[in-house]
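One structure is given here, and the rest of the page talks about it.
Note: hydrogens, waters and symmetry copies are ignored here, and every other heavy atom, side chains too, is used. Below, read A as the first sequence line, B as the second, and so on, with proteins coming before strands; counting in each chain starts at 1.
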There are 2 protein chains.
Amino acid sequence: MEKLKDLLRSNDLKATHQRIAILECIDKFGHINIDAIYDYICEKYPTMSKATVYRNINELLSYDIIEEIKLPHKNKKYEIKKVPHIHLLCKRCSKVEDLFLETKPFFNSITSHTGFKIDHSFIVIDGTCRACQQS
Amino acid sequence: MEKLKDLLRSNDLKATHQRIAILECIDKFGHINIDAIYDYICEKYPTMSKATVYRNINELLSYDIIEEIKLPHKNKKYEIKKVPHIHLLCKRCSKVEDLFLETKPFFNSITSHTGFKIDHSFIVIDGTCRACQQS
DNA sequence: AATATATTAGATAATATTTATTATTATCTA
DNA sequence: TAGATAATAATAAATATTATCTAATATATT
Ligand SMILES: [Mn+2]
Ligand SMILES: [Mn+2]
Ligand SMILES: [Zn+2]
Ligand SMILES: [Zn+2]
């Protein structure tokens with residue numbers, strides 16, 4: 001809570017209730033889309049406008065406080081910015097799992113094949129999570 | 001041209017001029033978004049409706065004739081369905097490059113770490129292509 | 001080639017998603 | 001606590017996508 005306020009202020013963003021609520025919500029759910037953020041926060045702040053969610057999401061993106069995740073055939077989701085990682089999307093339970101895995105060998109192979117200079121990667125793996133395989 | 005007609009007919013889709021034009025356009029450009037398809041085809045078929053583009057794109061997607069590519073902070077693009085591959089997106093020239101690369105070792109590492117059963121992967125690499133690095 | 005049949009296109013309305021505008025309110029600094 | 005400034009809510013506008021319906025077209029059959 002105070003940590004979130006500091007995070008906003010260190011980026012010259014005012015720590016409004018709405019912004020804090022949006023960040024707390026994203027943090028709580030891990031990976032979440034606009035509508036779900038809006039619905040969740042409306043419980044606490046019924047006057048909150050959806051435009052405020054969009055406006056703040058874009059603001060937070062531009063300061064690299066959050067980042068956008070594009071999933072196949074789904075709406076965009078957002079998460080608190082972390083170190084680079086991979087997303088595992090379960091088609092059964094729809095959960096998005098973070099995987100922090102060493103990608104250097106894979107990236108080196110890409111660069112040596114193509115000469116492409118890599119900045120970022122966006123890796124989504126579709127399949128069935130361990131829990132869903134057992135049920 | 002005849003190959004495209006056969007492709008459509010083998011999926012019980014009528015080989016209309018519009019559909020063939022859409023497929024030819026996607027094939028010609030490799031990776032292209034809705035608006036660019038529409039603009040390109042309008043030159044030849046000025047009466048073409050954008051709803052027809054959307055309708056056919058969805059139809060072609062559902063028959064796995066084309067597939068959707070989501071790129072970070074860009075509109076969706078479409079391409080003729082190929083064997084699985086990786087996309088290299090150059091931030092300088094905006095070109096999307098296909099890379100057919102062995103991913104088994106990487107995927108095995110994911111499965112052994114997580115128990116996740118992999119169906120598909122969506123891998124986009126952001127960076128600078130070889131050509132743009134030299135200019 | 002003409003005809004029958006179902007499918008598709010085009011026009012347009014409807015819906016969904018995202019952004020812009022502006023008067024009012026809240027935050028922060030002094 | 002007051003004043004300067006930034007952010008919100010409400011709303012309109014813009015953009016993106018889908019649905020509906022009638023006329024046109026593709027294809028199989030004669
Ligand atoms: Mn994540
Ligand atoms: Mn491709
Ligand atoms: Zn699951
Ligand atoms: Zn380039």
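A close approach under 4.0 Å does occur between a side-chain nitrogen or oxygen of A:H17 and OP1 or OP2 of C:dT27. Of the side-chain N and O atoms in A:S49, none sit less than 4.0 angstrom from OP1 or OP2 of D:dA10. When the side-chain nitrogen and oxygen atoms of A:N75 are compared with OP1 and OP2 of C:dA16, none of them lie within a distance under 4.0 Å. Taking side-chain N and O atoms only, A:Q18 has no distance below 4.0 Å to OP1 or OP2 of C:dA26. The side chain of A:T52 contributes an N or O atom lying less than 4.0 Å from OP1 or OP2 of D:dA9. Considering only side-chain N and O atoms, A:T16 lies nowhere under 4.0 angstrom from the phosphate OP1 or OP2 of C:dT27. A sub-4.0 Å separation between OP1 or OP2 of C:dT19 and a side-chain N or O of A:Y54 is absent. When the side-chain nitrogen and oxygen atoms of B:N58 are compared with OP1 and OP2 of D:dT18, one or more of them lie within a distance under 4.0 Å.
Defined by atom type and a distance below 3.5 Å, a donor-acceptor pair is present between the side-chain atoms of A:H85 and A:E79. In the model, B:T16 has no side-chain atom that pairs as donor or acceptor with a side-chain atom of B:R19 under 3.5 Å.
Using a 4.0 Å heavy-atom criterion, one finds that A:K76 contacts the sugar-phosphate atoms exclusively. Base contact: B:A51 has a heavy atom under 4.0 Å from a base atom. In this structure, B:R55 reaches the bases: a heavy-atom distance under 4.0 Å links it to at least one base atom across the strands shown.
The interatomic distance linking A:Y45 (OH) with C:dA26 (P) rounds to 12 Å, in whole Å. Protein atom CD1 of B:I37 is 14 Å distant from nucleotide atom P of C:dA9, rounded to whole Å. Atom NZ of B:K50 and atom P of D:dT15 are 10 Å apart (whole Å). We find that CG of A:L61 is positioned 10 Å from P of C:dT19, with the value rounded to whole Å. One interatomic measurement links the two molecules: CZ of A:R19 to C1' of D:dT8, which rounds to 10 Å at whole-angstrom precision. Between B:N11 atom CG and C:dT8 atom C1' the separation is 16 Å, expressed in whole Å. A straight line from OH of A:Y38 to P of C:dT17 spans 14 Å, rounded to a whole angstrom. Atom CG in B:L60 sits about 10 Å away from atom P in C:dA9, given to the nearest Å.
Taking CZ from B:F122 and CD from B:E67, the interatomic distance works out to 7.5 Å, rounded to the nearest 0.5 Å.
Between B:Y40 and B:F29, the ring-plane angle classifies as perpendicular under the 30° and 60° cut-offs.
The side chain of A:D35 approaches C:dT17 more closely than any other nucleotide in the set C:dG10, C:dT17, D:dA7. When distances run from any side-chain atom of B:M48 to the nucleotides C:dT19, C:dA9, C:dG10, the shortest one goes to C:dG10.
Nucleotide C:dT29 is matched to D:dA2 when pairs are restricted to Watson-Crick or G-U wobble geometry with both distances under 3.5 angstrom. Across all strands shown, D:dA12 is found opposite C:dT19 as a Watson-Crick or G-U wobble partner, with both distances under 3.5 Å.
Using a 4.0 Å cut-off between charged nitrogen and carboxylate oxygen, A:D126 and A:K91 do not count as a salt-bridge pair.
For B:K14 and C:dA6, a side-chain-to-base donor-acceptor distance below 3.5 Å is present, hydrogens and geometry of angles not being considered.
Checked options B:K76, B:K74, B:H87; the residue passing with B:I69 is B:H87 (criterion: side chain to side chain contact (heavy atoms under 4.5 Å, CB included)).
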